[in-house]
2 protein chains.
Amino acid sequence: MEFDTSSPIWGQLVAEFSRRIVTSQWPPGGRIAGVRELAAELGVNPNTVQRALAELERQELCRSERTAGRFVTTDADRIDALRAELAEGAADDFVRRARGLGMAADQARRLIEERWTHDDDITDLAGATGHDR
Amino acid sequence: MEFDTSSPIWGQLVAEFSRRIVTSQWPPGGRIAGVRELAAELGVNPNTVQRALAELERQELCRSERTAGRFVTTDADRIDALRAELAEGAADDFVRRARGLGMAADQARRLIEERWTHDDDITDLAGATGHDR
DNA sequence: GTCACTGTACTAAGCACTTAATACAGTCAT
DNA sequence: ATGACTGTATTAAGTGCTTAGTACAGTGAC
């Protein structure tokens with residue numbers, strides 16, 4: 001997996017593991033691979049994985065059985081709440097950035113619709129909110 | 001200004017300064033306050049401001065007159081391109097995160113519309129993409 | 001000339017993150 | 001009992017970010 005060097009890897013792992021939980025890639029009650037195995041899969045140090053999982057545990061998204069391994073929570077409400085948190089976080093980030101650029105609601109909506117299908121198109125916003133010329 | 005401790009401040013300054021340029025808060029050709037003044041305004045070290053402005057210069061968004069100060073580019077096309085880059089970046093980030101959560105296009109659209117007006121509402125997504133219960 | 005400003009450069013210190021390398025206690029199959 | 005697995009803890013090293021402090025060259029007003 002590729003990581004952004006400009007923010008801590010353990011934080012990016014928290015996001016990735018959370019995503020796996022809400023998409024049931026890591027199903028409720030399922031056993032999570034060991035820190036050494038995850039570290040090898042992700043290409044990072046076991047200590048870094050450990051730190052990310054400790055944070056997931058703090059959020060009660062998983063629990064450690066100490067010697068048997070680590071398991072995803074069986075609390076479906078907690079998982080649904082996590083999904084809502086992540087969705088709202090993504091939406092609020094976009095709204096904050098779009099408003100910061102001075103975009104209007106319909107402009108933002110059109111932009112999202114456009115980027116939804118093709119992630120590597122080139123969009124020309126020049127003139128829509130641009131300068132006098 | 002408040003900064004996220006989990007990513008470099010100079011990078012957050014690049015984003016903030018870019019925002020000021022595309023919103024004409026820093027108008028084309030306008031003089032940019034000195035590094036010491038900006039640092040005092042933002043509550044950071046002048047060295048950190050310097051690093052952010054050096055990056056803006058590398059992107060040809062401003063140029064240094066060495067002793068007279070620093071000025072925003074007068075190239076309106078470059079500024080329009082920057083606005084498009086920032087808008088697309090925000091949209092692509094949201095699309096990537098929303099798809100990663102398994103959201104459908106109309107779900108994503110509704111979520112954005114909802115978060116556009118009220119940034120601190122509580123949205124209940126439980127059941128929309130949730131578990132069997 | 002003097003003074004106040006500009007951008008720029010450099011050092012030293014402190015801090016968080018990441019890594020490698022061990023080490024230890026508990027569980028479980030054999 | 002032995003060996004292989006679990007989570008967890010610790011140390012040392014290297015790196016990047018941020019800060020404080022200092023310094024220097026060039027410009028312009030007086």
Side-chain angles (χ1 to χ4, degrees), chain A residues 1-18 20-21 26-75, chain B residues 1-18 20-21 26-75:
Chain A
M1 182 176 167
E2 293 178 2
F3 298 96
D4 183 359
T5 56
S6 69
S7 75
I9 295 178
W10 69 266
Q12 300 177 50
L13 290 181
V14 168
E16 169 63 15
F17 296 161
S18 298
R20 293 184 181 187
I21 290 177
W26 285 359
R31 186 177 180 284
I32 300 175
V35 288
R36 296 167 180 84
E37 185 178 346
L38 280 176
E41 171 205 334
L42 297 162
V44 297
N45 193 281
N47 296 335
T48 308
V49 174
Q50 167 78 13
R51 177 154 189 185
L53 289 172
E55 173 60 20
L56 251 61
E57 222 155 309
R58 202 191 58 79
Q59 294 180 22
E60 298 189 334
L61 294 172
C62 63
R63 58 188 199 289
S64 163
E65 222 64 43
R66 194 79 188 178
T67 63
R70 207 182 247 102
F71 300 86
V72 177
T73 182
T74 54
D75 185 346
Chain B
M1 182 176 167
E2 293 178 1
F3 297 97
D4 184 359
T5 56
S6 70
S7 75
I9 295 178
W10 69 265
Q12 300 177 51
L13 290 180
V14 168
E16 169 64 15
F17 296 161
S18 298
R20 293 183 182 188
I21 290 176
W26 285 359
R31 187 179 180 283
I32 300 175
V35 287
R36 296 167 179 84
E37 185 178 344
L38 279 175
E41 171 205 335
L42 296 162
V44 297
N45 192 281
N47 296 335
T48 309
V49 174
Q50 168 78 12
R51 179 156 189 183
L53 289 173
E55 173 61 19
L56 252 60
E57 222 154 310
R58 201 191 59 78
Q59 295 180 22
E60 299 189 332
L61 295 171
C62 63
R63 60 188 195 288
S64 163
E65 222 63 41
R66 192 80 190 179
T67 64
R70 205 181 250 104
F71 300 86
V72 177
T73 181
T74 53
D75 185 345

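Atom set for the values below is all heavy atoms of this structure, side chains included, hydrogens, waters and symmetry mates excluded. Proteins come first, then strands; the chains are lettered A, B, ... in the order of their sequence lines, and each starts at number 1.
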- Task: Quick one: which residue pairs count as a side chain to side chain donor-acceptor pair (under 3.5 Å) with a foot in residues 32-47 of chain A, not counting sequence neighbours?
- Result: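 Of all non-adjacent pairs touching residues 32-47 of chain A, those that pass side chain to side chain donor-acceptor pair (under 3.5 Å) are A:Arg20-A:Glu41, A:Asn45-A:Asn47.
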
Write down the distance between [atom1] ([X]) and [atom2] ([N]), rounded to a whole number of angstrom.
X       : N      : atom1 : atom2 : answer
A:Gln50 : C:dA21 : CD    : P     : 19 Å
A:Glu57 : D:dT6  : CD    : C1'   : 13 Å
B:Trp10 : C:dT8  : CH2   : P     : 16 Å
B:Glu37 : C:dT6  : CD    : C1'   : 12 Å
A:Glu55 : C:dC17 : CD    : P     : 12 Å
B:Ile32 : C:dT6  : CD1   : C1'   : 13 Å
B:Arg63 : C:dT8  : CZ    : P     : 13 Å

- Item | Intermediate values then yes/no, side-chain contact (heavy atoms from CB on, under 4.5 Å), B:Thr48 and B:Leu42 | CA-CA 10 Å; B:Thr48 309; B:Leu42 296 162; over 6 Å; no

- Task: Could you list the residues that satisfy side chain to side chain contact (heavy atoms under 4.5 Å, CB included) with B:Ser6, not counting sequence neighbours?
- Result: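 Per chain and number, B:Ser6 pairs via side chain to side chain contact (heavy atoms under 4.5 Å, CB included) with A:Pro8, B:Asp4.
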
- Task: Tell me, please, which residues at least two apart from B:Ala15 pass side chain to side chain contact (heavy atoms under 4.5 Å, CB included).
- Result: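 B:Ala15 satisfies side chain to side chain contact (heavy atoms under 4.5 Å, CB included) with no residue once adjacent residues are dropped.
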
- A:Leu56 vs A:Leu13 side-chain heavy atoms within contact, under 4.5 Å: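 No - every pair of side-chain heavy atoms lies 4.5 Å or more apart.
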
- Message: Is there a side-chain contact between A:Ile32 and A:Leu38 in this structure, where contact means two heavy atoms from C-beta onward sitting under 4.5 Å apart?
- Response: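 The answer is yes; the side chains approach within 4.5 Å.
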
- Is the shortest side-chain N/O distance from B:Arg70 to OP1 or OP2 of C:dT6 below 4.0 Å?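 Checking B:Arg70 against C:dT6: no side-chain N or O falls below 4.0 Å of OP1 or OP2.
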
- If only side-chain N and O atoms of A:Arg51 are considered, is one of them under 4.0 Å from the OP1 or OP2 phosphate oxygen of D:dT8?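 No, A:Arg51 has no side-chain N/O under 4.0 Å of OP1/OP2 on D:dT8.
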
- Query: Atom CD of B:Glu16 and atom CZ of B:Phe3: how far apart are they, to the nearest 0.5 Å?
  - Reply: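 Here the interatomic distance stands at 7.5 Å.
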
Listing, residues 59-66 of chain A side-chain donor-acceptor contacts under 3.5 Å, not counting sequence neighbours, or none:
unit_1	atom_1	unit_2	atom_2	d
A:Gln59	NE2	A:Glu55	OE2	2.8
A:Ser64	OG	A:Arg66	N	3.0

- Query: NA contact type, B:Arg31, heavy-atom cut-off 4.0 Å: base, sugar-phosphate, or nothing?
  - Reply: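 Since only primed, P, OP1 and OP2 atoms lie under 4.0 Å of B:Arg31, the category is sugar-phosphate.
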
- Item | Taking every non-hydrogen atom, the tightest pair across A:Ala52 and A:Phe17 |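 Looks like CB-CE1, 4.1 Å.
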
- Which letter, B, S or -, goes with each nucleotide of nucleotides 24-30 of chain C from 5' to 3', with contact meaning a protein heavy atom under 4.0 Å? --BS---

- Interface with DNA chain D, restricted to residues 38-48 of chain B and to heavy atoms under 4.0 Å: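 The answer is B:Val44, B:Asn45, B:Asn47, B:Thr48.
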
- Starting at the 5' end of DNA chain C, which residue's closest nucleotide do you reach first, B:Gly69 or A:Pro8?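 Checking each residue's closest nucleotide, the 5'-ward one belongs to B:Gly69.
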
